[in-house]
Amino acid sequence: MSEENKVLSPLPGIFYRKPSPDKEDYVKEGDPVKKGDTIGLVEVMKNFYEVKAEKDGVLEKFFIENESEIAAGQEIATIS
Amino acid sequence: MIKVKNPGLETTVQDYGRIGYYNVGMPPSGAMDKYSYTVGNILVGNDENAASLEITYMGPVLQFQEDAVIAITGGEIPPKINGESVPMWETLSVKSGDELSFDFVKKGARVYLAVAGGIEVPLIMESRSTYTLCGIGGMEGRALQEGDELTIGTNKKQDVKEGTSLPDEYRLDFSGDNEIRVVLGLCSYRLTEDSKKRFFEREWTVTTEANRVGYRFKGERLHFMEREQPFGAGSNASNVVDLGYPIGSIQVPDGVEPIALLNDAVTGGGYVTICTIISTDLDKMAQVKTNEKVRFVSVDIEEALQARNEYRDTVEKVRQFVAK
């Protein structure tokens, strides 16, 4: 798998797949995504940072569950 | 002039701090990791209170619009000039048009960008440090934003030769455990003996609520001695009659989730502070990331002062090394 397909977290924190607890996921596995689409949030320093797709494609797989701890540089998902 | 093409997560202008106003409720702000900040200024020949950029977790993208001498110190957020990796802890020269960017954070949480001459912003209460909660100091009282233009100042004392590289012994070492030394007090007498013991026995995890104001930790509930609350204290067992909070003091509101108060924190209030991080270890605390674990170690004031003297010796050795 090429490195370019990986979406990595630039930050440590807590990862969320949805904008708020009562909302739908930003994107589900198998959904098409466009460059710049938000695919999740990382909570850190009392703020939320939007993780965006860096290319057009299909979101193949998430490697981290909603509301779990994430490290900087950890793989979030792949886009093919 | 330095143009901000991307501000990073939270990049602020900081100097040594707004010292001398704590008694009127103004926290010092200033660089969280003083050692890295100070060494950065030494490596570019600056006055040691010159303002630098404090970069947290995610680096900015900066374009230099004039030639400059810079140094990047602190945690490991690998810097690149025009896409090529450049070393940290070294005097670097950049040309007008060069672009400085950073890779993902590898170690630590913060790096400092020192520029020969310092970052020029207005002095507010004798400091250029940004205090975002009050919106004063630094760049209009806030973190950098895309499109900002930073002026390079004149706080340079001497020239430092390009390529001056700090030996490993003077660079931050992240191989050790995150042991943070504290001095017990002011209100540790309020904890039960068992809770006092548990506080030092266990590891505490840094939560997402960790920034320049304070670091909040997860672990276990701590318990206080039973008593009838005195006049002037709140009704919770973690309340005391208002007192000044030492910088680096750790309070435990309601016994859950200890909070270390740092550079931008409130200066006083009515919560029990159980111990205070020693000044040298505040630098270490500033380099601990969310989700990482720390252990607190109790030391006496003599050991804290000895650590401070050793710190000053190290800074002096760095000065002499760079001056050679």
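Order of the sequence lines sets the chain letters (A, B, ...), proteins ahead of strands, with each chain counted from 1.
- For B/R142, the salt bridge (Lys or Arg N to Asp or Glu O under 4.0 Å) test picks out B/E140, B/D148, with sequence neighbours left out.
- When each of B/E209, B/M58, B/E292, B/K106 is scored by its heavy-atom pairs under 4.5 Å with chain A, the top score falls to B/M58.
- Interface residue A/L11: only side-chain heavy atoms are found under 4.5 Å from chain B.
- A cation-pi arrangement is absent between B/K289 and B/Y57 under the rule of less than 6.0 angstrom and at most 45 degrees off the ring axis.
- Salt bridge A/R17/A/D25: present, at least one basic N to carboxylate O contact under 4.0 Å.
- The stretch residues 252-269 of chain B participates, sequence neighbours left out, in these side-chain hydrogen bond (donor to acceptor under 3.5 Å, both in side chains) pairs: B/S29-B/D264, B/R212-B/D264, B/R216-B/E257, B/R221-B/D254, B/N236-B/D254.
- Per-residue counts of heavy-atom pairs under 4.5 Å with chain A were compared for B/V206, B/V213, B/D103, B/T290; the largest is that of B/T290.
- When B/T207, B/T208, B/L9 are compared by the number of non-hydrogen pairs under 4.5 Å with chain A, B/T208 comes out ahead.
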